[in-house]
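Down below is the structure, laid out as structure tokens.
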Amino acid sequence: MNARRFGCLMLALVVFGCGQAVDPNRPKTVPVTGTVTYNGEPVEGATVTFIATSGQARGAVATTDASGKFSATTFDPGDGAIPGSYKVMIAKTVLEPAGPDAAPGLDGEEPSDVAKDMLPAKYKDATQSGLTAEVQDGSGAVLTFELTD
């Protein structure tokens with residue numbers, strides 16, 4: 001290969017990039033978006049987990065924004081979910097400073113922060129949450145999860 005052709009090839013790679021090939025055997029995903037509210041208020045920073053129940057090998061996950069909105073991910077950010085049935089669990093946990101009565105950590109270290117659930121515990125257990133989603137092939141799904149006490 002002469003220098004000119006090599007230069008053109010390098011320029012094409014820089015301009016168009018190498019890109020990553022997508023596995024042609026990878027299951028198709030469709031967009032899945034939605035909103036999570038708790039007692040009527042949007043929930044920011046909740047993790048929404050879709051657990052496949054209808055034979056597909058992979059679930060999906062999402063995190064809510066300040067308005068409680070989410071966009072599910074299976075393989076690539078925001079790509080949605082594989083069509084099928086899902087059980088859904090939603091959790092939001094924050095770390096709070098340990099109180100003044102907290103026991104010291106190992107080796108006399110300062111007490112660790114304490115994890116606090118911001119949503120009722122039933123929602124972080126797919127078998128107890130009562131939340132489900134059906135994702136159809138084609139246009140995808142827009143979901144609303146209205147959580148209460």
*Run the side chain to side chain contact (heavy atoms under 4.5 Å, CB included) check on V48 and T63 step by step: do they pass?*
CA-CA 6 Å; V48 183; T63 302; over 6 Å; no
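At least one side-chain heavy atom of F145 sits less than 4.5 Å from a side-chain heavy atom of V88. Put simply, the side chain of K124 does not reach to within 4.5 Å of the side chain of I90, judged on heavy atoms. Within the 4.5 Å cutoff, side-chain heavy atoms of D149 are placed close to those of N39. Counting heavy atoms from C-beta outward, L95 and V114 have side chains that stay 4.5 Å or more apart. T33 places none of its side-chain heavy atoms less than 4.5 Å from the side chain of F70.
To the nearest 0.5 Å, atom OG of residue S129 and atom NZ of residue K87 are 8.0 Å apart.
Checked by atom type and distance alone, the side chain of Y123 never pairs as donor or acceptor with a backbone atom of G130 at under 3.5 Å. The main-chain N or O of G80 is found under 3.5 Å from a side-chain atom of T74 such that the two form a donor-acceptor pair. In this structure, the side chain of D79 engages the main chain of D76 through a donor-acceptor pair within 3.5 Å.
In terms of heavy atoms, T35 sits closest to S67 at CG2-O, 4.0 Å. Y86 and A81 make their closest contact through OH-CB, 3.7 Å (heavy atoms, listed as atom of the first residue, atom of the second, distance). A pairwise comparison of heavy atoms in P42 and A66 identifies CB-O, 4.0 Å as the closest pair. Annotation for A133 and F50: closest pair CB-CE2, 4.0 Å, computed over non-hydrogen atoms. Across V30 and G140, no two heavy atoms sit closer than the pair CG2-CA, 3.7 Å. In plain terms, the two heavy atoms of D113 and P97 that are nearest each other are OD1-CA, 3.6 Å.
V43 is not connected to M89 by any chain of hydrophobic side-chain contacts under 4.5 Å among Ile, Leu, Val, Met, Phe, Trp and Tyr, and they are in different clusters.
For the side-chain contact (heavy atoms from CB on, under 4.5 Å) criterion with K92, the lone passing option out of L147, L119, T64, D117 is L119.
Under 3.5 Å, the side chains of S85 and E134 contain a donor-acceptor pair of N or O atoms.
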